[in-house]
Amino acid sequence: MKTIPWWQTAVFYQIYPRSFKDSGNDGIGDIPGIISKLDYLVSLGIDALWISPFFKSPMDDFGYDISDYCDIDRIFGTMQDVTLLIEEIHKRGLKVIFDLVINHTSDQHPWFVEARSSPDNPKHDWYIWQPRTDRETGKPRPKPNNWIGMFELTNAWRDNDATDEWFLGTFTQHQPEVNWRNPDLKNAMYDVIRFWLDLHVDGFRMDVVNWYIKDEKLRSNPFSWRVNPDIFQKHIYDRNQPETHDICREIRGLTDSYDGSRVLVGEIFVRDVEIAASYQGNGNDELHLAFNMEMLYIRWSARVFAKTIARWYAALPGSGWPNFTFSNHDQPRHATRFGVRNEDHQLARMQIIAMLLLTLRGTPFMYYGEEIGMKNVRVPHSEMSDPSGKTFWPLPLGRDGQRTPMQWSSAENAGFTESGVLPWLPIHKNYREVNAEKQQADPGSLWHWYRKLLAIRKTHEELRTGRFSFIKKGKNSVLAFRRAGETGLIECYLNFSNRKKRVGLPVDVQVVLGNFRGEQEKLPAGRLELAPYEALLVKI
Ligand code: NOJ
């Protein structure tokens, strides 16, 4: 029998460590906090964790600016805490991947401190530089091109007086981009990868993979009408350069040289799924998974969802494996994006998303708090942390709102930290109603819905690995599909509208799970009326 790699059948759960659980009572989540909640994740039915960065960092981009790849920031704990975390995760039969942020470092990283000190420094070429002054005429030069620093909305070429040069930083001015064309830099990064694989990490979520290599001629990007996430540029010269695929192949080779069970999940920061899929190479030679980001941007429409799903499946290479995600730390939570005022409808809509995520063919990625329907917080300007939030204010494009503390209970500070402590970001004022403890005690809650779906996924191989085919592609607001496995056949019916809808059942079926029907209920072949926002899973 063909063995199926664990990451194809696992359900991942993303933890943003600053916001998950604070054990040190400084208002910031930490590694011991995560350890204390592992049993919670087991009881929910999660299989694997992706933990956003907790490495040493000045926190200009809250950990996505690393000043030491092989140490953890004291805010989060110690290296002993991390090794214990890995051990405790494995002890429970779970897997864990860490964030690998190797497109840029922090400007406080010793590599950059050395590199910027002199053009003759051996590490100078580890970063990307351009002279500010024309060496022949002695006159100031214009900036090399129009590339943009996304989080500050400035030109991405930043001053370095010591060498009279600019360095490149397309996020903040504190995140200099490394030069992947330099073999020593490459080897240093590969050592970082080995360091964590040696500590038994099960793989990596790789930050902005498609940024690694830049156009050799540094050409300016042409104009685009797309605002988010492209900011009015077609990024044909600063992203997605063909040589990036060589790096992906090398990192895949390195990872596979371990025991073949480690996984690489790439953040390909684009909306075009064809480009994202290309980073999975032929399905076996580049990244195991390239994130499909499209679901983070689309509107509530069965037709649009169906098109997005179809496009993704079509884009992947023959032996490539899909993945789906609806929320992460960079985009507004889907409970807000797809939110409605009517509370019953809100719950039903979240049930539809959960059922979709956990029954499509592909690896699901959940975001902490999605299991209880956590919503974005409107963080006032005075309490903002995110650099992009401050730049774009008053436009609501900052990311603090989706990174607020996990709502554990109705205790003060939502059980995230001790009462009296000020959490690093404000907690949603709905926490007395929307919290894990309360929902665990309520069998009709969203938490229990997720838990049931996760359990159903574990006992139905057709949902994990079965073939996928559409029954209804969103026409008349109904999205329906079939998953056919070796042993079973399951169908999923989702009514995206607030009106009743009719569908036809070709044969008699039995309910596996439904938000408006009892489990085990038998439904005869023929006409079936779906309630507004009904989510229904049936077995044939
Ligand atoms: C993508 C990450 O998801 C985001 O949070 C971060 O700010 C940028 N990359 C820069 O590392």
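Excluded from the calculations below are hydrogen atoms, water molecules and symmetry mates; all remaining heavy atoms, backbone and side chain alike, are included. Please read all numbers here as calculations on a predicted model, not as lab measurements. Read the numbers this way: they start at 1 and go in the same order the structure lists the ligands and their atoms.
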*Check each of Q402, R333, H334 against S327 using the side-chain hydrogen bond (donor to acceptor under 3.5 Å, both in side chains) test, and report the only one that passes.*
H334
_Would you call the rings of H104 and F171 parallel, tilted or perpendicular, taking 30° and 60° as the class edges?_
tilted
*Please work out whether the ring planes of F62 and W424 are parallel, tilted or perpendicular, with thresholds of 30° and 60°.*
tilted
Return a table of N or O atom pairs, ligand 1 on one side and protein on the other, at distances under 3.5 Å, rounded to 0.1 Å.
unit_1: ligand 1; atom_1: 3 (O); unit_2: R205; atom_2: NH2; d: 3.0
unit_1: ligand 1; atom_1: 3 (O); unit_2: E267; atom_2: OE2; d: 3.4
unit_1: ligand 1; atom_1: 3 (O); unit_2: H329; atom_2: NE2; d: 2.8
unit_1: ligand 1; atom_1: 3 (O); unit_2: D330; atom_2: OD2; d: 2.4
unit_1: ligand 1; atom_1: 5 (O); unit_2: H329; atom_2: NE2; d: 2.9
unit_1: ligand 1; atom_1: 5 (O); unit_2: D330; atom_2: OD1; d: 2.8
unit_1: ligand 1; atom_1: 5 (O); unit_2: D330; atom_2: OD2; d: 3.4
unit_1: ligand 1; atom_1: 5 (O); unit_2: R399; atom_2: NH1; d: 3.3
unit_1: ligand 1; atom_1: 7 (O); unit_2: D61; atom_2: OD1; d: 3.4
unit_1: ligand 1; atom_1: 7 (O); unit_2: D61; atom_2: OD2; d: 2.5
unit_1: ligand 1; atom_1: 7 (O); unit_2: R399; atom_2: NH1; d: 2.9
unit_1: ligand 1; atom_1: 9 (N); unit_2: D207; atom_2: OD1; d: 3.0
unit_1: ligand 1; atom_1: 9 (N); unit_2: D207; atom_2: OD2; d: 3.1
unit_1: ligand 1; atom_1: 11 (O); unit_2: H104; atom_2: NE2; d: 2.9
unit_1: ligand 1; atom_1: 11 (O); unit_2: D207; atom_2: OD2; d: 2.8

For residues 265-276, run the donor-acceptor check on the side chains, cut-off 3.5 Å, and write out each pair with its distance to 0.1 Å, sequence neighbours left out.
unit_1: E267; atom_1: OE1; unit_2: R205; atom_2: NH2; d: 3.2
unit_1: E267; atom_1: OE1; unit_2: V208; atom_2: N; d: 2.8
unit_1: E267; atom_1: OE2; unit_2: R205; atom_2: NH2; d: 3.4

*With sequence neighbours excluded, what pairs up with W166 under the ring-ring contact (aromatic ring centres under 6.0 Å, His included) test?*
none
*ring pair (Phe, Tyr, Trp, His ring centres under 6.0 Å) contacts touching residues 227-254 (sequence neighbours left out)*: H245-Y279
